[in-house]
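Each remark here refers to the structure printed beneath this line.
All chains are named by letter (A, B, ...) in the order of the sequence lines, taking the proteins before the strands, and each is independently numbered beginning at 1. Every value quoted in this text rests on a predicted model; they were computed, and no experiment measured them.
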2 protein chains.
Amino acid sequence: MSVTKTNAEKPEVGRAGILNAAASLFCQHGYGGVSLRAIAEAAGIKAGSIYYHFASKDAIVTEILDAGILSVHDEARAAVEALPNDTTPDAIFRAAVRGHLHALLEHGDYTSANVRIFGQVPPAVRDANLPVRKAYEKYLDDLLSDLQATGAIREGVSLSRLRLLLIGALNATLEWFDPEQGGAEALADDYADTFLNGILNKTGDNT
Amino acid sequence: MSVTKTNAEKPEVGRAGILNAAASLFCQHGYGGVSLRAIAEAAGIKAGSIYYHFASKDAIVTEILDAGILSVHDEARAAVEALPNDTTPDAIFRAAVRGHLHALLEHGDYTSANVRIFGQVPPAVRDANLPVRKAYEKYLDDLLSDLQATGAIREGVSLSRLRLLLIGALNATLEWFDPEQGGAEALADDYADTFLNGILNKTGDNT
DNA sequence: AAATTAACCTAACAAGTGTTAGGTAGGTAG
DNA sequence: CTACCTACCTAACACTTGTTAGGTTAATTT
């Protein structure tokens with residue numbers, strides 16, 4: 001799905017251009033802060049023309065929300081599936097984190113928009129996004145469950161909370177990620193390491 | 001600051017009532033999705049009356065954003081200061097997490113509003129919030145720095161990234177926290193434990 | 001060449017928005 | 001009792017918003 005990559009140099013025309021423009025604007029100004037006139041202008045057309053492609057503002061939003069989740073799900077799954085068969089549990093965890101962050105930070109207007117405006121949209125729009133949302137959650141739940149079954153996850157870690165913590169932490173990178181300070185890749189490694197090993201010094205030998 | 005506690009039973013009148021109503025509505029609908037008429041109605045007055053108390057919509061927002069950060073800062077600091085003098089590094093970390101989550105989840109319309117709309121508000125409003133924001137960040141940076149100086153934090157953990165990860169993860173609880181499944185306290189303990197010890201099973205004896 | 005289609009434009013509509021200026025009424029101070 | 005203050009109300013304003021219906025034009029199909 002090439003629409004998930006925002007091309008800043010030459011605005012896409014037509015339907016894709018409208019979605020791209022809208023996703024970007026929703027990230028910046030929230031759901032209610034973006035008018036159809038603003039979207040149209042960013043897409044290089046006039047507001048009334050949007051109705052040739054979409055039935056309503058909410059039809060645009062609905063599509064963006066879905067694309068945002070599908071994108072991150074696809075990349076996390078692809079990263080994990082690209083691993084060799086005899087991969088270690090922690091490498092699997094790292095891959096999922098890497099995939100998620102890559103989608104979010106490098107191709108992220110759609111996913112960013114989802115993260116930022118999901119809680120603001122009208123209930124019907126929110127409900128419409130639930131199926132793809134739950135599918136991704138299930139994917140991660142299953143992945144963590146598999147890791148646990150290998151004995152890789154220590155006792156006392158609640159998987160449901162872990163998944164919520166993980167997604168929440170990863171999505172929060174949106175607010176401050178700066179590519180100048182290392183790319184999504186380096187950040188993913190760092191994050192995964194923190195989640196896997198914690199921050200406590202257990203060896204007592206670096207004081 | 002009693003205004004940070006939303007009282008659902010009897011709306012506060014006057015200035016505090018406006019702030020409370022606005023904070024709650026911004027959480028639900030974002031910055032642009034909340035009109036002065038909606039705020040006024042929730043506060044039990046008419047929209048024009050808001051101008052007796054506030055110069056503009058943005059004056060309301062500015063005040064809510066600041067209160068949101070101050071609240072969480074105060075509670076984190078209070079939780080840490082309440083500890084005995086010979087407290088362990090991990091207990092200090094736990095206290096900070098507990099304070100933050102308590103402010104966020106139990107008294108949280110103001111902080112929630114900050115988390116949710118900071119990225120959407122006009123640049124001038126955002127800039128106005130930066131001083132109190134940076135003060136809290138510095139507080140956490142210093143706390144983590146002190147922990148590191150005791151040797152409690154393992155080598156390889158980047159403090160700046162850790163602080164960002166921590167705040168991000170904690171604030172993300174807003175999207176899914178459900179008091180029916182244990183209070184903020186239990187969640188704080190769980191989260192702190194995950195951050196401190198990681199999720200990897202290092203002992204290999206629970207397979 | 002005429003008809004059709006895709007992708008826009010335009011003007012207008014009804015409703016909504018932040019704000020202003022003038023007014024009201026109850027309570028308090030002198 | 002009068003004057004002042006607080007905390008609202010109201011009507012109006014200029015502008016904005018999502019949407020609609022009718023129109024245009026270039027490209028393609030018949």
Under a 3.5 Å cut-off for both distances, is dG30(C) Watson-Crick or wobble paired, and to whom?
dC1(D)
Show your working on side-chain hydrogen bond (donor to acceptor under 3.5 Å, both in side chains) between Asp141(B) and Tyr136(B) and close with a plain yes or no.
CA-CA 9 Å; Asp141(B) 284 339; Tyr136(B) 182 47; over 6 Å; no
Go through the steps to decide whether Phe54(A) and Arg15(A) satisfy the test side chain to side chain contact (heavy atoms under 4.5 Å, CB included), and finish with yes or no.
CA-CA 8 Å; Phe54(A) 297 95; Arg15(A) 204 175 192 284; 3.4 Å; yes
Atom CZ of Arg37(A) and atom C1' of dC15(D) are separated, to the nearest Å, by 11 Å
Counting just side-chain N and O atoms, does Tyr51(A) come under 4.0 Å of either OP1 or OP2 of dT19(D)?
yes
Minimum-distance nucleotide to Ser35(A) side chain [options: dT19(D), dC9(D), dT17(D)]
dT17(D)
Do Arg133(A) and Asp127(A) sit within salt-bridge range, that is, some charged N less than 4.0 Å from a carboxylate O?
no
Show, in sequence, the C-alpha distance, side-chain angles and deciding distance for His29(A) and Gln120(B), and conclude whether the side-chain hydrogen bond (donor to acceptor under 3.5 Å, both in side chains) test is met.
CA-CA 4 Å; His29(A) 303 294; Gln120(B) 301 168 19; over 6 Å; no
Grab the CD1-C1' distance between Ile50(A) and dT17(D) for me, whole Å please.
12 Å
Nearest whole angstrom, please: distance from the C1' of dC8(D) to the CD1 of Ile45(B).
8 Å
side-chain hydrogen bond (donor to acceptor under 3.5 Å, both in side chains) between Asn20(A) and Tyr110(A), worked out:
CA-CA 8 Å; Asn20(A) 291 348; Tyr110(A) 287 75; 2.6 Å; yes
Using OP1 and OP2 only, check whether a side-chain N or O of Lys57(A) sits under 4.0 Å from dG18(D).
yes
Nearest whole Å is fine: how far is dC8(D) P from Arg15(B) CZ?
12 Å
Whether His73(A) and Tyr139(A) hold their rings parallel, tilted or perpendicular, with breakpoints at 30° and 60°:
tilted
For DNA chain D, whose closest nucleotide is more 5', that of Ser49(A) or that of Gly33(A)?
Gly33(A)
Taking any atom under 4.0 angstrom from a heavy atom of chain B, which nucleotides of DNA chain C are the first and last to qualify, 5' to 3'?
dT17(C) to dT20(C)
